[in-house]
Amino acid sequence: MAKELGPRFAQRAKRRKINRILNAAIAVVVLLIIVVAWNLFSDDGRPSEQTAKTQSKTEAKKDNDEKKVEVEINGQQENDEEGEQTDQEETSEAEQEVIETPGAPGSNIEKEIVNPAWQPIGTTQSEPHVTQFKKDSVDWKEMLDAVSYATGLSQSDMIVWFIGNNGPNKAVATISTKDKTQYYKVYIEWVENQGWKPEKVQKLRK
């Protein structure tokens with residue numbers, strides 16, 4: 001009887017061992033199936049993420065390209081505007097160049113000078129203006145200011161030989177340097193509410 005139980009027990013133990021091995025193999029297979037399925041689902045999601053990243057990069061590059069084009073256009077416009085402004089300034093400067101004309105042969109005029117940039121010197125007088133040739137008048141002082149402005153000579157370095165009428169709201173002055181080496185005749189005109197403005201300067205021969 002004991003001999004019969006021995007083989008049976010061994011067979012049962014063997015079957016249990018086989019069952020355990022089979023169960024373990026089944027578990028491994030199930031685990032592999034789960035892993036494969038997870039990878040497949042993960043791979044399905046990746047292309048869309050990659051596509052989104054690619055589209056994002058493409059849109060960013062497009063925006064950068066558009067910004068570059070806009071900057072280049074704006075830069076070109078600014079350069080064109082600066083060029084136009086420079087041309088206008090050069091033209092303006094050319095128009096403001098001092099004009100010097102030699103005097104007629106045999107005359108006492110060495111040369112005549114006209115500067116388009118000359119402006120009225122300003123005034124403290126009110127309108128209507130009446131020209132005054134009195135040496136203590138405000139008008140006399142402002143006429144001398146205009147003469148000094150036109151010739152570049154300070155009043156302390158000039159001798160005033162004559163200031164007189166040259167027509168309605170116009171005057172003419174004859175002056176020289178203190179050392180009497182240079183003589184000038186200066187033509188000025190009154191600009192309403194702005195004061196005396198030089199018209200022309202004649203440098204005279206000694």
Side-chain angles (χ1 to χ4, degrees), residues 1-101 111 113-127 142 145-146 148-154 189-201:
M1 186 70 176
K3 292 180 180 179
E4 292 179 358
L5 291 174
R8 289 181 181 176
F9 182 79
Q11 288 178 356
R12 289 178 181 174
K14 187 175 181 181
R15 287 177 182 172
R16 289 176 183 171
K17 186 175 181 180
I18 292 171
N19 288 337
R20 289 175 183 173
I21 293 172
L22 289 174
N23 290 337
I26 291 170
V28 170
V29 170
V30 171
L31 181 62
L32 288 174
I33 291 172
I34 292 172
V35 170
V36 171
W38 174 261
N39 286 334
L40 288 175
F41 285 120
S42 298
D43 290 340
D44 288 342
R46 285 176 187 172
S48 60
E49 292 177 2
Q50 187 66 31
T51 302
K53 290 180 181 179
T54 304
Q55 290 176 349
S56 178
K57 289 180 180 179
T58 303
E59 290 176 357
K61 185 175 183 302
K62 182 180 178 182
D63 290 340
N64 289 335
D65 292 341
E66 289 177 354
K67 288 179 180 178
K68 287 180 181 178
V69 172
E70 184 177 355
V71 168
E72 290 176 358
I73 292 174
N74 291 337
Q76 185 63 38
Q77 289 176 345
E78 289 176 359
N79 290 335
D80 292 342
E81 289 174 359
E82 289 176 359
E84 290 176 1
Q85 185 176 358
T86 302
D87 293 341
Q88 290 175 356
E89 289 175 356
E90 290 176 353
T91 302
S92 179
E93 289 176 0
E95 291 174 352
Q96 298 296 320
E97 286 182 358
V98 177
I99 301 169
E100 294 187 1
T101 306
K111 64 180 177 179
I113 303 165
V114 175
N115 187 348
W118 282 330
Q119 298 294 326
I121 61 166
T123 183
T124 60
Q125 303 179 74
S126 59
E127 298 294 339
E142 291 183 352
D145 289 341
S148 176
Y149 166 52
T151 59
L153 297 173
S154 65
E189 66 175 344
W190 177 262
V191 178
E192 188 174 353
N193 293 315
Q194 298 183 55
W196 291 100
K197 174 186 174 183
E199 288 185 291
K200 63 182 178 181
V201 174

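Residues take their numbers from the sequence shown, with the count starting at 1.
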**Study point:** Rounded distance (nearest 0.5 Å) linking atom CD of Glu189 with atom CD of Glu199
**Key:** 4.0 Å

Check your understanding: Could you state the interatomic distance from OG1 (Thr151) to CD1 (Ile113), rounded to the nearest 0.5 Å?
Key -> 9.5 Å

Practice item. Decide whether Glu142 and Trp190 meet the rule of one side-chain donor and one side-chain acceptor closer than 3.5 Å. Key: no

Practice item. Supply the atom-to-atom distance Ile18 CD1 to Asn23 CG, rounded to the nearest 0.5 angstrom. Key: 12.0 Å

Check your understanding: Which atoms form the tightest heavy-atom contact between Pro198 and Tyr149, and what is the distance?
Key -> CG-CD2, 3.7 Å

Check your understanding: Are any of the side-chain heavy atoms of Val29 and Leu31 separated by less than 4.5 Å?
Key -> no

**Study point:** Nearest-0.5 Å distance that lies between atom CD in Gln194 and atom CD in Glu127
**Key:** 10.0 Å

Check your understanding: Any idea which heavy atoms bring Lys111 and Glu100 closest together, and the distance?
Key -> NZ-OE1, 3.4 Å

Review point. Atom OG1 of Thr123 and atom CH2 of Trp196: how far apart are they, to the nearest 0.5 Å?
Key: 10.0 Å

Review point. To the nearest 0.5 Å, what is the distance between NZ (Lys200) and CD1 (Ile99)?
Key: 12.5 Å

Revision key, fill the gap. Nearest heavy-atom approach of Ala150 to Val201 is CB-CG2, 3.7 Å

